[in-house]
Amino acid sequence: MSELDVTPPNTHAGNNDDTLCTKDNDPLHNAPPSYEVADERVNMEEYARTVPKWKRIWQHSLTQMVLLSVQAFCGPAMADAIAGLGGGGLATPQTSNIATAVNYTMLAVCCALGGPIVNKLGTKWALVIGACSFPIRGSSYYCNSKFGNQWYLILGGFFTGIGTGTWYVAESGTIMSLAPAGSRGKYLALWIVARNLGQLVGGAINLSKNHVKGVVGGIAPDTYVAFLIIECMALPFAFLISPLERVVRSDGTRILVSEKIGTKAEFKQIKVTMTSKLILLSAFWAIWSFFYSGTWSTYLGTYFSVRARALSSLVSPFLCIVGCFGLGFILDLKGYSQRRRAQMGLFTVVILNLGVYIWSIVMQVRFNSNNPGKIDWEDSLYAGSFLPYFFVQTTGPLSQSYMYWLLSSFATDAQANVRNGAAFRCLEAVGQAISYGMNTQIKTSPLVGFCVTFGLMALALGPMLVLVNSTPDRIPADVIAEEHDHEEKKFGTVEVVSKV
């Protein structure tokens with residue numbers, strides 16, 4: 001363990017980074033005083049000679065990202081597939097919207113407290129706890145659809161909010177820490193794609209059981225049994241997650257992990273993180289990023305037939321898979337500074353969302369003037385009314401993927417990624433809770449939700465421009481790791497802790 005007596009100097013871009021400073025919380029200047037220096041750059045020849053191959057594969061950053069992505073496939077992706085049915089696939093979306101609003105309220109509370117909890121439990125056990133809660137969602141929708149049981153659907157939303165909140169905090173910190181510096185965009189794209197592949201499988205299940213023309217009301221109850229089985233599969237993969245300090249990236253580096261601090265100090269970090277300019281400048285973006293989901297779920301449940309809603313959950317992920325890797329390619333471009341790539345990514349995400357929102361508002365104005373009833377995929381209105389939903393299922397995840405890439409650009413260590421990810425998830429859940437709560441008012445036109453979402457994006461853009469233009473040209477954690485490596489070579493006095 002090495003003890004650093006001074007804070008590392010500002011070596012992060014040749015620009016003034018003071019725009020992000022708050023008292024006792026500058027992601028670039030106030031790094032924790034000591035770190036576990038588990039050989040930040042591993043001697044790969046010695047590592048290959050002394051560590052069994054199965055263990056090297058298990059501890060590889062890409063393997064860990066795949067394991068985490070499989071959990072995203074089994075859990076959040078199945079929840080998204082249920083939401084993609086419109087109103088959770090129920091005959092009326094009101095009960096589903098209430099349960100979802102409760103879910104995101106508890107998720108927001110859990111995420112607000114999640115940084116200290118996850119840093120104490122460790123990411124592995126936080127993921128295990130979260131994975132245990134995934135099957136509650138599928139079972140609650142099954143019971144509501146089969147037996148008309150509403151209390152379990154709402155109570156299930158409460159418990160899944162707690163479990164999923166814990167899982168989300170651990171997930172966000174891990175996905176921002178695993179990738180090598182030059183591959184963060186592609187790693188994040190892999191994670192988003194896994195979530196959308198889950199929706200693809202869920203959509204296939206939906207369509208196979210709900211393809212008969214003329215069916216009205218809710219989705220067939222057996223649909224939720226298939227979701228429930230997949231949700232149960234997340235738990236074994238959660239047990240396979242390696243502690244972050246043991247992970248070896250593909251470029252031969254380890255993840256910088258600071259020494260653990262006391263519980264009281266961890267909870268003090270909640271206020272420090274939530275009031276940091278990094279989070280304050282991204283707050284409206286976090287609230288906006290998935291605010292659209294409640295409105296679009298109501299839109300599908302209101303205007304589309306059962307089998308048209310089932311088809312939507314199948315085809316929506318296809319463009320997202322292509323779009324996420326496209327954004328990942330932009331964010332990982334060689335020859336451009338990290339700040340320039342951040343600016344390019346922001347421009348791409350905003351322009352795409354702008355086009356989708358204008359289209360959505362135009363379509364809803366038409367529906368307000370002339371209600372189309374339940375639209376089926378054979379109807380002439382289907383393409384024009386469905387395509388905005390199809391595209392928003394790409395532009396929405398792009399917004400989230402971009403923000404996690406941006407947050408990780410300011411990280412000083414893995415714990416900072418956990419805290420920043422928890423804060424972002426908390427604000428994101430607040431937005432989703434408000435969105436679904438707003439849409440419990442069935443008589444309210446989806447046009448209100450579309451306009452509010454559009455307004456939030458406009459409100460978020462100014463602060464995001466300030467944040468993006470303050471992006472360091474290098475990740476602070478990488479600079480700190482290099483300084484440790486330099487000190488070790490220069491003085492030979494750093495005691496190395498073996499984590500293999």
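Being a predicted model, the structure only gives us computed values, none of them experimental.
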Heavy-atom check, side chain of Val430 versus side chain of Thr105, under 4.5 Å: no
Test item: Ser401 side-chain N/O and Pro397 main-chain N/O as donor-acceptor pair under 3.5 Å: no
Atom CZ of Phe267 with >12 non-hydrogen neighbours under 6.0 angstrom: yes
Pair Thr253, Arg249: side-chain N/O donor-acceptor within cut-off below 3.5 Å: yes
Inter-residue atom distance Leu278.CG - Thr273.OG1, 0.5 Å rounding: 9.0 Å
Phe284 atom CZ: more than 12 heavy-atom contacts under 6.0 Å: no
Any donor-acceptor pair under 3.5 Å from Arg184 side chain to Ala179 backbone: no
Any donor-acceptor pair under 3.5 Å from Asn103 side chain to Phe158 backbone: no
Steps toward side-chain contact (heavy atoms from CB on, under 4.5 Å) verdict (Val248, His60): CA-CA 5 Å; Val248 178; His60 195 280; over 6 Å; no
Shortest non-hydrogen contact between Cys110 and Gly161, atoms and distance: CB-O, 4.3 Å
Mutual orientation of the aromatic rings belonging to Tyr404 and Phe424 [parallel < 30°, tilted 30-60°, perpendicular > 60°]: perpendicular
Steps toward side-chain contact (heavy atoms from CB on, under 4.5 Å) verdict (Ser133, Ile162): CA-CA 8 Å; Ser133 72; Ile162 295 174; over 6 Å; no
Asn420 to Ile279 - nearest heavy-atom pair and separation: O-CD1, 4.0 Å
Pairwise distance OG1(Thr166) to CG(Leu121) - rounded to 0.5 angstrom: 8.0 Å
Within-4.5 Å side-chain heavy-atom neighbours: Ser360 and Val392: no
Over all atoms of both residues, closest heavy-atom pair of Ser250 and Pro180: OG-CG, 3.2 Å
Residue pair Gly345 / Leu331: nearest heavy atoms and the distance that separates them: CA-CD2, 4.1 Å
Close side-chain approach of Gln393 and Leu319, heavy atoms under 4.5 Å: no
Lys186 backbone acceptor or donor facing Ser183 side chain under 3.5 Å: no
Main-chain N/O of Gln59 paired to Thr63 side chain as donor or acceptor, under 3.5 Å: no
Side-chain heavy atoms of Phe454 within contact of Leu354, under 4.5 Å: yes
Side chains of Tyr303 and Gln364, donor plus acceptor under 3.5 Å: yes
Side-chain donor-acceptor pair present, Trp167, Gln71, cut-off under 3.5 Å: yes
Check: Trp288 and Ser399 side chains under 4.5 Å, non-hydrogen atoms: yes
Heavy-atom donor-acceptor pair, Gln64 side chain to Ser242 backbone, under 3.5 Å: yes
Aromatic plane relationship, Phe391 with Trp359 - under 30° parallel, 30 to 60° tilted, over 60° perpendicular: tilted
Within-4.5 Å side-chain heavy-atom neighbours: Val66 and Leu190: yes
Full working for side-chain contact (heavy atoms from CB on, under 4.5 Å) between Ser385 and Tyr299: CA-CA 10 Å; Ser385 57; Tyr299 175 84; 3.6 Å; yes
Nearest heavy atoms of Thr471 and Phe410, plus distance in Å: CA-CZ, 3.6 Å
Within 6.0 Å of NZ in Lys120, more than 12 heavy atoms from elsewhere: yes
Tyr336 six-ring face occupied by Arg341 cation (under 6.0 Å, within 45°): no
Shortest non-hydrogen contact from Tyr402 toward Met464: CE2-CE, 3.9 Å
Gap between atom CZ of Phe390 and atom OG1 of Thr395 - 0.5 Å precision: 11.5 Å
Heavy-atom neighbours of Phe386 CZ exceed 12 at 6.0 Å: yes
Spacing of Gln400 atom CD and Leu188 atom CG [to the nearest 0.5 Å]: 9.5 Å
Residue from Ser61, Ser69, Ser408 passing side chain to side chain contact (heavy atoms under 4.5 Å, CB included) with Tyr187: Ser61
Result of checking Val349, Leu427, Leu406 against Trp285 for side chain to side chain contact (heavy atoms under 4.5 Å, CB included): Val349
Distance, nearest 0.5 Å, that separates CZ of Arg366 from CD1 of Ile361: 13.5 Å
Minimum side-chain heavy-atom gap Glu171-Thr174 below 4.5 Å: no
Thr164 and Met106: CA distance, side-chain angles, deciding distance, side-chain contact (heavy atoms from CB on, under 4.5 Å) verdict: CA-CA 9 Å; Thr164 305; Met106 294 312 302; over 6 Å; no
Side-chain donor or acceptor of Ser289 paired with backbone N/O of Ala286 under 3.5 Å: yes
Gap separating the CG atom of Leu127 from the CG atom of Leu240, nearest 0.5 angstrom: 11.5 Å
Arg339 side chain to Pro472 backbone, donor-acceptor under 3.5 Å: no
Side-chain donor/acceptor of Thr394 to backbone N/O of Cys320, under 3.5 Å: yes
Side chain proximity check, Trp191 to Leu68, heavy atoms < 4.5 angstrom: no
Leu447 backbone acceptor or donor facing Asn368 side chain under 3.5 Å: no
